[in-house]
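In listed order, ligands and their atoms are each counted from 1.
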Amino acid sequence: MNLLIYGPPGSGKGTQAELLHQSFDIPHIATGDILRGEVAAGTPLGLQAQPIMAAGGYVPDDIMIGIIRNRLQQGDSQKGFVMDGFPRTIPQAEALDGLLDELGRRFDRVVYLNVDIAELVPRLAGRMTCPIDQKTYPPGTAKCPLDGAKLIQREDDKPEAVKKRIEVYLDKTLPLLDYYRGPCSTTTGAGAWFPRSTAWAQSRRSTNAC
Ligand code: AMP
């Protein structure tokens, strides 16, 4: 099963994609995680991406398309995948359609997480991230409940970067709603940080028919 989960920053894409990954036993392909791995490893790609990410901008399309082309060629994605964070622009979506065509694949479901923009700023600005597994927690949480690591604030969760991320999302990513209107299911990611179960039940239902 090939799934795409998308929505504004802070809508819960990572959380829901992780649950879909566990539920369907398919890899979770998150371009943000791939980029953060490159930054942590200090690769040329990481060095190029780091300032763009810290400022809340988008890494250029040709780089992102190359990353996804490589990732889809890895063996584990043959059984399907849940994609999170890509595509983020119309050119990325068009390139992805071409890649999927070449591989004889298509999305079974595209799930859009619908969250009011006003709800995103307080969610993102101040959220805490586990440096080990990248899971995010509400503002004020000190330690990761799973591995005890001291939580950090992502550079791009600082207020100026959050503002920029939302602006870029509205300009470049929101148009994907029309692009995917046909196969797209909408589910609400609105509400509190916890429980995750309400949005999860909806995401799961959105994929049931696959
Ligand atoms: P995320 O973890 O998905 O919020 O991604 C973190 C950051 O990585 C984004 O704010 C962008 O700077 C960059 N990024 C991730 N995916 C993409 C993409 N598909 N296109 C451009 N930039 C991306």
Side-chain angles (χ1 to χ4, degrees), residues 3-21 27-41 43-72 77 81-100 107 110-113 115 117 119-121 123-137 151-177 179-180 189:
L3 304 173
L4 170 62
I5 186 143
Y6 82 109
S11 58
K13 296 185 295 294
T15 303
Q16 298 302 318
E18 195 54 31
L19 292 165
L20 290 163
H21 146 74
H28 172 192
I29 300 179
T31 45
D33 289 349
I34 295 173
L35 289 170
R36 279 184 288 276
E38 298 284 336
V39 171
T43 64
L45 168 58
L47 292 175
Q48 189 181 352
Q50 193 275 335
I52 301 173
M53 294 169 74
Y58 279 179
V59 173
D61 286 339
D62 55 337
I63 295 179
M64 297 312 304
I65 292 162
I67 289 175
I68 282 294
R69 177 180 290 114
N70 289 340
R71 185 62 187 86
L72 288 179
S77 59
F81 50 81
V82 48
M83 201 172 276
D84 147 26
F86 186 96
R88 263 176 153 101
T89 65
I90 296 284
Q92 289 181 15
E94 288 169 350
L96 180 59
D97 279 348
L99 284 174
L100 292 176
F107 279 119
V110 177
V111 178
Y112 173 68
L113 283 180
V115 179
I117 296 300
E119 212 182 303
L120 300 174
V121 179
R123 259 195 210 199
L124 284 168
R127 79 175 174 180
M128 304 303 285
T129 300
C130 174
I132 296 173
D133 60 18
Q134 307 294 323
K135 288 197 167 57
T136 52
Y137 296 94
L151 301 182
I152 55 163
Q153 186 176 37
R154 262 168 52 176
E155 204 59 32
D156 59 350
D157 282 345
K158 297 191 171 151
E160 265 317 293
V162 164
K163 202 168 145 257
K164 172 83 176 168
R165 283 164 73 193
I166 292 173
E167 277 169 22
V168 177
Y169 168 81
L170 292 174
D171 182 34
K172 302 243 188 271
T173 307
L174 198 59
L176 289 180
L177 205 50
Y179 189 88
Y180 285 120

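The protein heavy atom nearest to atom 7 (C) of ligand 1 is Met53 CE, 3.9 Å.
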Return all side-chain donor-acceptor pairs below 3.5 angstrom for residues 64-71, not counting sequence neighbours, or 'none' if the list is empty.
unit_1 : atom_1 : unit_2 : atom_2 : d
Arg71  : NH1    : Gln74  : OE1    : 3.2
Arg71  : NH1    : Asp76  : OD1    : 2.9
Arg71  : NH2    : Asp76  : OD2    : 2.8

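Using a 4.5 Å cut-off on side-chain heavy atoms (C-beta onward), Val115 and Arg123 make contact. A 4.5 Å side-chain heavy-atom check between Arg127 and Arg154 finds at least one atom pair inside the cut-off.
Backbone and side-chain nitrogen or oxygen atoms of Leu35 are examined, and none is located within less than 3.5 angstrom of a nitrogen or oxygen of ligand 1. Ligand 1 has an N or O atom lying under 3.5 Å from an N or O atom of Arg88, backbone or side chain. Residue Val59 has at least one N or O atom closer than 3.5 Å to an N or O atom of ligand 1.
Of all the atoms in ligand 1, the ones that sit under 4.0 Å from a non-hydrogen atom of Arg36 are 2 (O), 6 (C). For ligand 1 and Thr31, the ligand atoms under 4.0 Å from any heavy atom of the residue are 15 (C), 16 (N), 17 (C), 19 (N). Close contacts of ligand 1 with Gln92, meaning ligand atoms under 4.0 Å from a residue heavy atom, involve 18 (C), 19 (N), 20 (N), 21 (C). Atom numbering of ligand 1 starts at 1 in the shown order; those under 4.0 Å from a heavy atom of Arg165 are 4 (O). Heavy-atom contacts of Met64 reach the following atoms of ligand 1: 16 (N), 17 (C), 18 (C), 19 (N), 20 (N), 21 (C) (cutoff under 4.0 Å).
Contacts between Arg154 and ligand 1 below 4.0 angstrom, taking non-hydrogen atoms only, involve the side chain exclusively.
No hydrogens or angles considered: a donor-acceptor pair under 3.5 Å links the side chains of Asp61 and Gln92.
Tyr180 and Phe107 have perpendicular rings, their planes meeting at more than 60° on a 0 to 90° scale where under 30° would count as parallel.
The option from Pro8, Gly57, Ala161, Pro9 that lies nearest to atom 10 (O) of ligand 1, judged by heavy atoms, is Gly57.
The 12-atom threshold is not exceeded at NZ of Lys172, counting heavy atoms of other residues, nucleotides or ligands nearer than 6.0 Å. Heavy atoms of other residues, nucleotides or ligands lying less than 6.0 angstrom from CD of Glu160 number 12 at most.
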Handout entry: Step-by-step side chain to side chain contact (heavy atoms under 4.5 Å, CB included) determination, Asp84 to Tyr6
Key = CA-CA 6 Å; Asp84 147 26; Tyr6 82 109; over 6 Å; no
